[in-house]
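Structure first, commentary second.
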Protein chains: 2
Amino acid sequence: MAEANLKKAIYKQLSRIGKAVASSPRLELLDLLCQSPRTVEALAREAGLSVANTSQHLQVLHAARLVDARKEGLFVTYRLADQQVCEFYRTLRTLAESRLAEIEAIVRQFNQGRESMEAVEKQALLERVRRADVIVLDVRPTEEYRAGHIPGAVSIPLRELEAHLSKLSRRRKIVAYCRGPYCVLAVEAVKLLRAKGFRAVRMEQGVPEWRAEGLPVAVGEEAK
Amino acid sequence: MAEANLKKAIYKQLSRIGKAVASSPRLELLDLLCQSPRTVEALAREAGLSVANTSQHLQVLHAARLVDARKEGLFVTYRLADQQVCEFYRTLRTLAESRLAEIEAIVRQFNQGRESMEAVEKQALLERVRRADVIVLDVRPTEEYRAGHIPGAVSIPLRELEAHLSKLSRRRKIVAYCRGPYCVLAVEAVKLLRAKGFRAVRMEQGVPEWRAEGLPVAVGEEAK
DNA sequence: CCATTAATCAATCGAACATTTGAATAGCGG
DNA sequence: CCGCTATTCAAATGTTCGATTGATTAATGG
């Protein structure tokens, strides 16, 4: 019966994508690649995996055609095969958030004992940046900033923040963001800034969320 | 370091969804549940799996909160936990179609040697149904028709089609549809109808695709 | 309350997977 | 062309997964 074979063959193909996102290290790698392309070593470092292990996971993602690899000199740079992959990852995350109560519990537990962060409405934000009303601060590593950031944002990676406080105005309000709702970089940044007497809030959205809402994203270095 | 644990814990939760869709039988079950709720036995029959095996796969889907189980008398009826699950499944399928060239190849190979089916534009279809210009024919099992169908569609399951040809007008054009692009019911129906001298075409879209485009879907029995 | 039917559970076995380790490859820079 | 580095490959580990089988539970009807 040819029809049964057709269906089985198609479901098997679909499951290739499923298998690719069935492991937490691979999801973490995908998340990082949604921010910017990276070398194997950089991915391994960020995700806290061994290089060999990272390489193998990346090959699984590559076999499912979710990422592309390109050799650039001595390094192999991996990147999302398509922006659609990021959209798919975000759909998965949204579904998980709404279906798995466990996620909310984890986030709540983590946020316990921390200052609650004011929600920032992104619609008004761009306008306020243009009016020099607020400073939007991108605290991710610089290569992620270069791969895409909120227009007008200033790049100071979290590690360098303490050393570069003089770049920031104490008069203006600071809106810090990082990779997205589950990234802690901006939380840490706000904690530091407040301790130093700045007025700072965290924006939960990262660049992928920003992009998904159809808002503009700038690439490259920002004119200072 | 609490931040690493937070991330690991979240990716682990996300991978629960991934694992749920990492197996072809489970994807087939999800696909069927996108059409209508069903008992374990019915799902096993449609998917060609043993009852015990089906039950276990359904429990995996349930553990990932993608489906709900409700005991109704002697039977357990499984249904999608949320319409969002169907949307996620369709996103996965769309991604697979665009990323995995293998899928296109499988479908092309299957369609080889069959009469090419005219593409039906759904925008105009509802209007033509209202004008009694065409007959829209739903050839899925009746319980799927009852769970949701295209407004104005007539329900004749493929198996009963040959015995009920007298219900259909030879003057009007027939547009047959089934579960979606990878379902062969409508292909078979069109083949039969054409052999019997009817003017019939297949519409690739099924009810989930129809619904996803925001077009109206009717439920229950249709007034004849 | 016993027989029947639907579904699940429990145990099993082989296949597939994740991670680690150490070796191999490929592109540079001297 | 030699040594260095980034990455991949290959083998070996323990673990998890998938399907089958037979037993068990739960609801129903006599």
Side-chain angles (χ1 to χ4, degrees), chain A residues 4 7-9 11-30 32-33 36-64 66-79 143, chain B residues 4 7-9 11-30 32-33 36-64 66-79 143:
Chain A
K7 283 207 291 187
K8 299 291 177 203
Y11 290 122
K12 191 142 181 217
Q13 292 300 320
L14 298 188
S15 75
R16 288 173 63 187
I17 309 277
K19 285 189 216 297
V21 294
S23 118
S24 28
R26 283 199 287 273
L27 286 166
E28 182 159 11
L29 294 173
L30 266 189
L32 289 167
L33 289 173
S36 75
R38 251 174 262 250
T39 66
V40 179
E41 200 188 16
L43 287 164
R45 190 172 353 101
E46 292 273 6
L49 301 171
S50 77
V51 171
N53 194 6
T54 304
S55 172
Q56 296 204 166
H57 280 305
L58 287 169
Q59 282 170 64
V60 173
L61 291 173
H62 185 71
L66 298 186
V67 305
D68 275 345
R70 197 190 314 162
K71 187 136 195 175
E72 291 169 349
L74 205 47
F75 298 81
V76 176
T77 301
Y78 279 87
R79 68 196 68 233
E143 75 260 28
Chain B
K7 284 207 291 188
K8 299 289 177 203
Y11 291 122
K12 191 140 183 220
Q13 292 299 320
L14 297 187
S15 75
R16 287 173 65 186
I17 309 277
K19 286 189 216 298
V21 294
S23 118
S24 27
R26 283 199 287 274
L27 285 166
E28 182 159 10
L29 294 173
L30 265 190
L32 288 167
L33 289 173
S36 73
R38 252 174 261 252
T39 65
V40 178
E41 200 188 16
L43 287 164
R45 192 175 348 103
E46 292 272 6
L49 301 171
S50 76
V51 171
N53 194 7
T54 303
S55 173
Q56 294 201 169
H57 280 304
L58 288 169
Q59 280 169 65
V60 173
L61 291 173
H62 185 72
L66 299 186
V67 304
D68 275 345
R70 197 190 315 161
K71 186 135 196 176
E72 290 169 349
L74 203 47
F75 298 81
V76 176
T77 301
Y78 278 86
R79 68 196 69 231
E143 74 261 28

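Letters A, B, ... mirror the listed sequences (proteins, then strands); counts begin at 1.
- Side chain of A/Lys19 to main chain of B/Ala22: a donor-acceptor pair is present (N/O by atom type, distance under 3.5 Å, no hydrogens or angles).
- Within the model, atoms OH of A/Tyr78 and CZ of A/Arg70 stand 13.0 Å from one another, a figure rounded to the nearest 0.5 Å.
- B/Pro37 and B/Thr77 make their closest contact through CB-CG2, 3.8 Å (heavy atoms, listed as atom of the first residue, atom of the second, distance).
- The existence of a salt bridge linking A/Glu143 and A/Arg79 is excluded, since no basic side-chain nitrogen approaches an acidic carboxylate oxygen closer than 4.0 Å.
- In this structure, A/Leu49 places its CG atom 14 Å from P of C/dT21, rounding to the nearest Å.
- The interatomic distance linking A/Glu41 (CD) with D/dT7 (C1') rounds to 10 Å, in whole Å.
- The nearest whole Å value for the distance from the CG atom in A/Leu43 to the P atom in D/dA6 is 14 Å.
- Put simply, B/Tyr78 has a side-chain N or O that comes within less than 4.0 Å of OP1 or OP2 on C/dT8.
- In this structure, A/Ser50 reaches the sugar-phosphate backbone alone: every heavy-atom distance under 4.0 Å involves primed, P, OP1 or OP2 atoms, never a base.
- Panel note: side chain A/Thr39, backbone A/Ala42; a donor-acceptor pair is recorded below 3.5 Å.
- Looking at B/Arg26, its side chain never comes within 3.5 Å of a backbone N or O of B/Val21 through a donor-acceptor pair.
- Nearest heavy-atom pair across B/Ser15 and A/Ser24 is CB-N, 3.8 Å.
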N/O-N/O pairs, protein side and nucleotides 25-29 of chain D side, under 3.5 Å:
none

Subject >> Audit row: A/His62, A/Asp68, side chain to side chain contact (heavy atoms under 4.5 Å, CB included) steps and yes/no >> reply: CA-CA 6 Å; A/His62 185 71; A/Asp68 275 345; 4.3 Å; yes
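- At whole-Å resolution of the value, CZ in B/Phe75 and P in C/dT8 are 12 Å apart.
- Heavy-atom minimum distance, A/Pro25 versus A/Leu49: CB-CD1, 3.9 Å.
- Using a distance-only test at 3.5 Å, with no hydrogens or angles considered, a donor-acceptor pair links the side chain of B/Thr54 to the main chain of B/Ser50.
- In this structure a side-chain-to-backbone donor-acceptor pair under 3.5 Å is present from B/Arg38 to B/Leu32.
- Taken residue by residue, residues 55-64 of chain B places heavy atoms nearer than 4.0 Å to DNA chain D at B/Gln56, B/His57.
- Put simply, CZ on A/Arg45 is 14 Å from C1' on D/dT5, counting in whole angstrom units.
- Taking side-chain N and O atoms only, A/Asn53 has no distance below 4.0 Å to OP1 or OP2 of C/dA18.
- Of the residues in residues 17-28 of chain A, A/Lys19, A/Ser23, A/Pro25, A/Arg26 come within less than 4.0 Å of DNA chain C through at least one heavy atom, sorted by number.
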